[in-house]
Amino acid sequence: MTPPQNHAPKAHRAEPRIGFYVCHCGSNIADTVDCAEIARYAASLPGVILARDYKYMCSDPGQELIQQDIREYQLDRIVVASCSPLLHEHTFRAALARAGLNPFYLQMVNIREHVSWVHKNREAATAKARDLARAAIQRVRHHQALQPIRVPIRAEALVLGGGIAGIHAALLLAEAGKRVILVERQPSIGGHMAQLDKTFPTLDCAACILTPKMSAVRAHPNITLWTYSEVIKVEGYVGNFTVTVRRKPRYINEALCVGCKQCVDACVFKDGKFPDEFNAGLSHRKPIYLPFPQATPQVVVIDPDRCLNLKTGKCKKTCVEACDRNAIVFDQQPEVHEVKVGTIIVATGYDLFDPTRLPQYGYGRYPNVFTTLEAERLVNSSGPTAGKVRLRDGRVPRSVGIILCVGSRDHRTHPWCSRTCCMHSMKLALLIREHAGAEVTIFHMDIRSAGKGYEEFYDRCLREGIQFIRGRVAEVTDWAMTAKEEGHLVVRVEDTLAGFVRRIPLDMIVLAVGMEPQRDARELRRILNISCSNEGWFLERHPKLGPVITFTDGIFLAGCCQGPKDIPDTVAQAGAAAAEALALMDRGYIEQEPNTAYIDPDHCCGCKSCLPLCPYSAIQLDETQGRAFINEALCKGCGACVAACPSGSIQQHLFEDEQVFAEIDGVLSYA
Amino acid sequence: MKYPYFPGCSLRGLGRAYEESLLAVLHHLGVELQELEDWNCCGATAYMSVDETQAAVLASRNLARAERAGFSELLAPCSACYLVLNKLQHSIEQFPDIQQTVQRALAQANLNYRGSVRVRHPLDILLHEIGLDAIRERVVQPLRGLKVAPYYGCQIVRPYATFDDAHQPTTMDQLLATLGAEVVVWPLKTKCCGGTLTGTVPEAGLRLSYILLKEAQRRGAHVLATVCPLCHFNLDAYHAEIEHRWGPIPIPTVYFSQLMGLAFGLAPRQLGLHRNLVPFRFPSEPTVACP
Ligand SMILES: Cc1cc2nc3c(=O)[nH]c(=O)nc-3n(C[C@H](O)[C@H](O)[C@H](O)COP(=O)(O)OP(=O)(O)OC[C@H]3O[C@@H](n4cnc5c(N)ncnc54)[C@H](O)[C@@H]3O)c2cc1C
């Protein structure tokens, strides 16, 4: 067929010599698309010198085939019909380059994701693949030789979130000699791990293994630690991000405070009065406080919603008197900083499921229903009860029930498994028994103990007499039916192993609340321009092969912000994210698609319509000539100016009008 | 305000006091009910458990007629009607084959149902359309000192929790508190009353009703407030039998709408209170005049 008149190739161009390859992808494509037929058809189109089908084009022999043909038949344009270009465009471009051809003479046709995976009817699928192939063949003849753009990468990194994930990643990067800014929104780093007592399956103390790393962060010359801070804007792109961080006022001069807490003792509030976040609300703190003994930095903070002076201006300010370093600054203002970094690691962790959403479990109604996080604080020797497990009225519980999957594995709340609850509930069962001498029963659907040493830990619990009842608890009630139940909480549950419904009176109930995404995950996602799943977990680029990279180049994920996981997995992922970031920063540059826009000086009339449209300020007006021109180094290829130019004098590499129209003509012409 | 209304058989039979009191209090609040013309039996839960599709067909005629009459909502005060009509709505949305059967059957009666009618419960209307403020304004005899156990029964929140929580419903609690009553905390809000078991397996059925009354008594309630004619029947009509088996439990059961009427100062007779087998009286301590 003849190319359409309007967009005929420029006369000076020699007729291209096109090679066409269609991939079976094993049976992924070949089962639904008649690949041999596609090759036969392609061979009949003008300009196509040869067309082949092959089982795996991406394999070494597949690539070799292309290279050989290029040399043997002097091919100068290549079309590969296979999977998404996201996956293998760079593979085939590299093959072209190896054969001495400019890599941008390649065009890919996605007949897997766009055809074979989404269609069932072989005939119709084959017809669609044929149309797409024809479009690509018509397009590729207009391709031009281009050079990729090299962009330098800054060697600084920003780590967002100072839980164990962020801490580990920041330390690795800093050790490798990179400058790191660690931004944590709480007054101290540490995250959830700092609140835990011991950690499964080895029962080593969380603080003992975490605090040294927290101090290392504080002390490391390559790490700038900004606590009580949040990222409010991210601009730029891989290698050159500009991040705006807002530092909330803590009303303390961080450089002067040494954490001696004399101000806390001197506060006009004689006793703690406000729920202490670190102890999950089980104890009370003052308006001026150190979040917890090992808080890093060791700097107190003033809660503006509680402090009398900040709220009313009327207070004796005994804290100011008590501070001999004059570190209290009541008129401190929020600070906004702009920092430039090459890579960003997101490690913002998780939130816990709110158990009042399942009123049948009585949290908030019955005082002796707790969450596992509260239980962690109860068994902790620096917790609100100094490690004694107590009911809210001070009694020692004789029997404790732990209910699993509260807000997990339940289509009414969250469908996912929170992955750590089985293990940390068994850990708490042993600790509660040790601290209170209570008999502990775990109510479960399954015990999921996959992990090194985890099943052995389950065995240990069984051997040591922790009770396990298989059944999803229907309700926790104070409705006593017998004298024995009087004064207890009663768990009603179908014991699916015994095969009947049981009522089990217990003193204390602990709800293993599941993990959920941080409540502001969606806002943060927009700020960072990364993706998240429907539920709000940040999305990795590939669940198997790209588990810590995002769809936005230069931004990586670590820890529970990507999905529920335990500390070993979190640390492994943080290491992986740091390594990915290091690989980028150490290479020092990245190659970008040369998809920049350019202006034809003969046609531009200097109307300036494009100038305000460019989000990157890449367009400038040459006043003397009355024409606009585009700074290629700044252009990001968004195409806004191309579409807006009234005289049609702006074009974009890789998306030239003649290429796009040829493609459209190709897909629409019925051959 | 005017609401299309599906009385169902109960409100014309055993549950007459429910209809009498509901109509009276709604009228008092400026809400009139327009009865669906030529309605038929909803099928109740009995038919549904014998043949779901046939039951759906039977119930659908009511919604089809409501749709034809131009109603976008239908008030169904009886718990069984409310559940059955909601279930029909759910089935035709979820199961195309049920929908086809229903449409075929309806076509024979020159009817057709597009699925546009929303089935609503009086508690839903009272709280979410009329509002507690408007109700509070009408209270002239607050039920001060009256301890009420709010009893929702199983059907209005399960399996379709359309306007309240399935496990811890609170709409009636809020309503009763607005009337000035003291709502006792009792954990059996949605426990089974025995349903029709009281007739078929009385040992099991009566025991369930007994548990409700007993726990209400233990929690210090003077009266149980219900939304369901069948619950009311079990707790009221079998009261003597329950006391005969397990000893005295002087707890009457009334409809929430009857308590509303009392708080609005309406005459007990107008509210059908004289129909109760276990007579309802205010506890002796409070200053409120005995009706
Ligand atoms: C009760 C309980 C017991 C557990 N026990 C164990 C155990 O024994 N062993 C084990 O391996 N695992 C255990 N876990 C799991 C463990 O808590 C997690 O694996 C681990 O804490 C994940 O670390 P993280 O850094 O990803 O997230 P987090 O600990 O949640 O840290 C995230 C950090 O990011 C900060 N942040 C969030 N959003 C922002 C933002 N927008 N800007 C700045 N900073 C932000 C947060 O303030 C926080 O400091 C337990 C979990 C629970 C709930």
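Just so we're on the same page: letters track the sequence lines, and every chain starts at 1. No experiment lies behind these values; they were computed from the predicted model shown.
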Within the supplied structure, the quantity of interest is the number of heavy atoms (other residues, nucleotides, ligands) at a distance under 6.0 Å from Arg398(A) CZ; does it exceed 12? no

Rounded to the nearest 0.5 angstrom, the CH2-NZ distance for Trp479(A) and Lys214(B) is 13.5 Å

Would one find more than 12 heavy atoms of other residues, nucleotides or ligands at under 6.0 Å from atom NE2 of His128(B)? yes

Please state whether the side chain, the backbone, both or neither of Lys189(B) comes within less than 4.5 Å of a heavy atom of chain A. neither

Which heavy atom of His167(B) sits nearest a heavy atom of Pro359(A), and at what distance? CB-CG, 4.4 Å

So, the part of Tyr361(A) with a heavy atom under 4.5 Å from chain B: the answer is neither

Any chance CD of Glu203(B) has more than 12 other-residue heavy atoms, nucleotides or ligands included, within less than 6.0 Å? yes

Euclidean distance, Met481(A) CE relative to Glu215(B) CD, rounded to 0.5 Å: 9.0 Å

In this structure, CH2 of Trp186(B) is separated from CG of Asp478(A) (nearest 0.5 Å) by 12.5 Å

Under-4.0 Å salt bridge between Arg357(A) and Asp165(B): no

In this structure, are over 12 heavy atoms from other groups packed under 6.0 Å from Arg207(B) atom CZ? no

